[in-house]
S.K.: 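Below you will find the structure I want to go over with you.
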Amino acid sequence: MRGIFKLVSSAGTGYCYFTTENKRAMTEKMQMKKHAPVARKRVVFTDGKSTACGSR
């Protein structure tokens with residue numbers, strides 16, 4: 001069973017990515033290091049709920 005998750009920037013810029021993951025295999029919060037175009041650097045994105053970017 002796969003779910004859609006929102007990855008929110010830890011830099012506080014409000015930028016986010018959407019991704020899917022297997023809910024049964026990954027029970028902890030997802031963290032990925034990705035490029036944040038607003039901050040112009042690579043930052044840690046964490047699985048979270050934020051109204052900063054559009055929802056799916």
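All heavy atoms count here, side chains included; hydrogens, waters and symmetry mates do not.
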S.K.: As an exercise, state the distance from CZ of F45 to NE2 of H35, rounded to the nearest 0.5 Å.
M.R.: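 Reported value, rounded in 0.5 Å steps: 9.0 Å.
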S.K.: Going from NZ on K29 to CZ on F5, what distance comes out if it is rounded to the nearest 0.5 angstrom?
M.R.: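 The distance works out to 10.0 Å.
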S.K.: Just to verify, what does K33 make a side chain to side chain contact (heavy atoms under 4.5 Å, CB included) with, not counting sequence neighbours?
M.R.: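 With neighbours one apart ignored, the set is R42.
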S.K.: Using side chain to side chain contact (heavy atoms under 4.5 Å, CB included) as the criterion, list what pairs up with T20, not counting sequence neighbours.
M.R.: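 If we apply the side chain to side chain contact (heavy atoms under 4.5 Å, CB included) test to T20, skipping adjacent residues, the hits are R2, I4.
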S.K.: Of all heavy-atom pairs between S10 and V43, which one has the smallest distance, and what is that distance?
M.R.: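 S10 and V43 have their closest heavy atoms at OG-CB, 4.2 Å.
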S.K.: Quick one: list whatever passes side chain to side chain contact (heavy atoms under 4.5 Å, CB included) with M30, sequence neighbours left out.
M.R.: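 Here the qualifying residues are L7, T19, E21, M26, M32, D47.
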S.K.: State, to 0.1 Å, how close V8 and C16 come at their nearest heavy-atom pair, and which atoms those are.
M.R.: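 Result for this residue pair: CA-CB, 4.2 Å.
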S.K.: Are V38 and Y17 linked, directly or through other ILVMFWY residues, by side chains that come within less than 4.5 angstrom of each other?
M.R.: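 In one cluster: yes.
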S.K.: Does S9 use its side chain to pair, donor to acceptor, with the backbone of Y15 at less than 3.5 Å?
M.R.: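 No, because the side chain of S9 does not come within donor-acceptor range (under 3.5 Å) of the backbone of Y15.
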